[in-house]
Enquirer: 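Provided herewith is a single structure, encoded as structure tokens, for subsequent inquiry.
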Amino acid sequence: MNKSFGSGRPAPSRRDAAPGDMPVEASRLLVRLGEPGAYARPDPLVEDALVTRRGGDGISVGSGRFAAASGRALAAADLATWNENGTRLTISEAGRARLRRLAMPGDLAFAAQHHDLAVVEGGAGPTFRNAAENPLAWMVRRRDRHGAPLIDAASFEAGERLRRDMTTAALLPRMGSDFGAPRVDGGGPRDPACAADHVIAARQRVRGALEAVGSDLSGLLIDLCGFLKGLERIEAERRWPARSAKVVARIALGRLAEHYGLEREATGPDRGRLRLWRG
């Protein structure tokens with residue numbers, strides 16, 4: 001038997017409610033709607049039911065069936081919205097904020113609700129960064145007049161890889177103290193030489209990447225990927241014409257992706273580029 005609160009209402013059981021007093025099935029539906037390109041519509045075969053689909057670019061696949069009451073619960077809580085015809089249910093911005101909050105541990109739950117936190121690997125351990133402050137994330141989400149992103153996935157991953165290497169190489173300023181770094185008095189890690197190997201290797205990777213891109217574009221990549229300077233700020237500091245940094249950044253990130261061997265589309269061995277003279 002469930003215990004009662006002071007108001008006399010029965011406490012929700014684990015079967016009836018999920019974190020945040022949301023029914024379990026409605027919470028599962030919210031997670032499905034949070035997937036890229038996901039939506040729900042009335043099931044034409046089952047009465048009072050919803051079928052979820054996900055995908056894009058003209059291809060969509062089914063991902064589950066839920067009771068229509070779950071969709072009504074999400075809509076009533078402003079976590080999802082119906083289109084004008086009432087034929088498609090999609091997640092709202094409040095619903096995405098709720099998913100971000102539930103995905104983070106307790107101390108970071110509130111910050112994750114209001115910021116798009118991303119895990120950054122490197123240094124003494126993983127840290128969290130607001131993805132909204134990352135100009136690369138903005139560029140990959142921004143669409144031009146033809147509907148294409150300003151940079152493709154390969155360029156975005158190349159910029160993020162350079163950022164991770166610069167963080168590991170301790171080339172970026174830290175906000176706060178690093179208690180895991182070796183000290184000059186002999187304290188710190190048990191084997192400081194072994195701990196420093198990954199830093200030296202990261203610095204070599206950064207140096208090689210910047211040399212491959214060229215001195216004319218390496219400074220831009222340091223500002224864009226390392227110090228997370230926005231395009232407008234780069235244009236102002238370098239006295240470039242308006243909207244010119246976007247073009248130069250795409251060229252620089254394209255060279256960086258080529259250096260890392262990243263391609264926009266996967267290619268088979270018949271289309272692979274020669275990387276060894278004996279190939």
Side-chain angles (χ1 to χ4, degrees), residues 36-37 56-57 93 96 100 112 114-123 126-175 199 201-267 271-273 275:
D57 298 333
E93 188 59 34
R96 296 192 184 278
R100 291 196 297 266
H114 299 279
H115 303 284
D116 188 6
L117 297 183
V119 180
V120 181
E121 300 289 345
T127 58
F128 294 92
R129 185 182 73 235
N130 184 8
E133 299 176 354
N134 186 356
L136 293 177
W138 178 85
M139 294 180 69
V140 80
R141 290 195 300 259
R142 184 77 172 181
R143 304 282 173 170
D144 58 17
R145 60 181 181 179
H146 302 293
L150 295 184
I151 58 174
D152 54 31
S155 297
F156 174 76
E157 175 58 29
E160 287 292 286
R161 183 179 298 186
L162 179 62
R163 165 76 182 183
R164 290 192 297 266
D165 283 341
M166 293 181 68
T167 302
T168 304
L171 298 177
L172 300 175
R174 295 182 58 91
M175 300 300 293
V199 177
R203 291 180 179 178
Q204 292 175 346
R205 292 194 299 269
V206 171
R207 186 182 302 110
L210 296 180
E211 289 178 354
V213 171
S215 58
D216 54 337
L217 298 175
S218 58
L220 172 68
L221 290 179
I222 293 175
D223 287 342
L224 183 67
C225 306
F227 294 99
L228 300 180
K229 294 183 180 181
L231 298 180
E232 294 182 358
R233 181 180 176 184
I234 292 176
E235 291 171 352
E237 292 180 351
R238 297 170 181 264
R239 298 181 180 180
W240 287 355
R243 293 181 293 277
S244 60
K246 175 179 64 177
V247 179
V248 181
R250 295 178 67 175
I251 297 174
L253 291 171
R255 290 188 187 178
L256 186 63
E258 183 177 1
H259 166 71
Y260 287 138
L262 300 174
E263 299 287 349
R264 182 177 180 180
E265 298 179 356
T267 56
R271 296 178 177 270
R273 295 177 301 171
R275 295 189 178 275

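Starting from 1, each residue takes its place in the sequence as its number. Quick note: numbers below take in every heavy atom, side chains included, and nothing from hydrogens, waters or symmetry partners.
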Enquirer: Kindly write out the residues that satisfy salt bridge (Lys or Arg N to Asp or Glu O under 4.0 Å) with R161, not counting sequence neighbours, or none if the list is empty.
Expert: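 In terms of salt bridge (Lys or Arg N to Asp or Glu O under 4.0 Å), with neighbours along the sequence ignored, R161 is linked to no residue.
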Enquirer: Taking distance alone, no hydrogens or angles, what donor-acceptor pairs closer than 3.5 Å link side-chain atoms of residues 239-247 to residues at least two apart or in another chain?
Expert:
from	atom 1	to	atom 2	distance (Å)
S244	OG	P241	O	2.6

Enquirer: Just do the side chain to side chain contact (heavy atoms under 4.5 Å, CB included) check on M139 and L231 with the steps written out, would you?
Expert: CA-CA 10 Å; M139 294 180 69; L231 298 180; 4.2 Å; yes
Enquirer: Name all pairs fulfilling the side-chain hydrogen bond (donor to acceptor under 3.5 Å, both in side chains) condition that reach into residues 223-234, sequence neighbours left out, sorted by first residue then second.
Expert: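 Qualifying pairs: D223-R238, K229-E237, R233-E237.
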Enquirer: If you look at every heavy atom in A257 and A154, which pair is closest and at what distance?
Expert: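 It is CB-O, 3.8 Å.
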Enquirer: Rounded to the nearest 0.5 Å, what separates atom CG in L224 from atom CZ in R163?
Expert: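 Separation between the atoms: 11.0 Å.
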Enquirer: Shortest non-hydrogen contact from V140 to A137?
Expert: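 Between these two residues, the closest heavy atoms are CG1-O, 3.3 Å.
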Enquirer: I'd like to check the side chain to side chain contact (heavy atoms under 4.5 Å, CB included) partners of V206; sequence neighbours left out, ordered by chain and number.
Expert: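 If we apply the side chain to side chain contact (heavy atoms under 4.5 Å, CB included) test to V206, skipping adjacent residues, the hits are L162, D165, M166, L171, L210.
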Enquirer: Please round to the nearest 0.5 Å and tell me the distance separating atom OG1 of T167 and atom CD of E160.
Expert: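 Reported to 0.5 Å precision, the distance equals 9.5 Å.
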Enquirer: Do you know which two heavy atoms are closest between H259 and G208, and how far apart they sit?
Expert: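 Distance-wise, the nearest heavy atoms are CE1-O, 3.8 Å.
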Enquirer: When you compare the side chain of L228 with that of P135, does any pair of heavy atoms fall below 4.5 Å?
Expert: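 Side-chain contact under 4.5 Å: yes.
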Enquirer: Are L253 and F156 close enough that some pair of their side-chain heavy atoms sits under 4.5 Å apart?
Expert: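 Sidechains of F156 and L253: no contact.
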Enquirer: E157: what forms a salt bridge (Lys or Arg N to Asp or Glu O under 4.0 Å) with it, not counting sequence neighbours?
Expert: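 Result, salt bridge (Lys or Arg N to Asp or Glu O under 4.0 Å) vs E157: R164.
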Enquirer: Tell me every residue that passes side chain to side chain contact (heavy atoms under 4.5 Å, CB included) with L217, counting only those two or more places apart in sequence or in another chain.
Expert: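 If we apply the side chain to side chain contact (heavy atoms under 4.5 Å, CB included) test to L217, skipping adjacent residues, the hits are V213, V248, I251, A252, R255.
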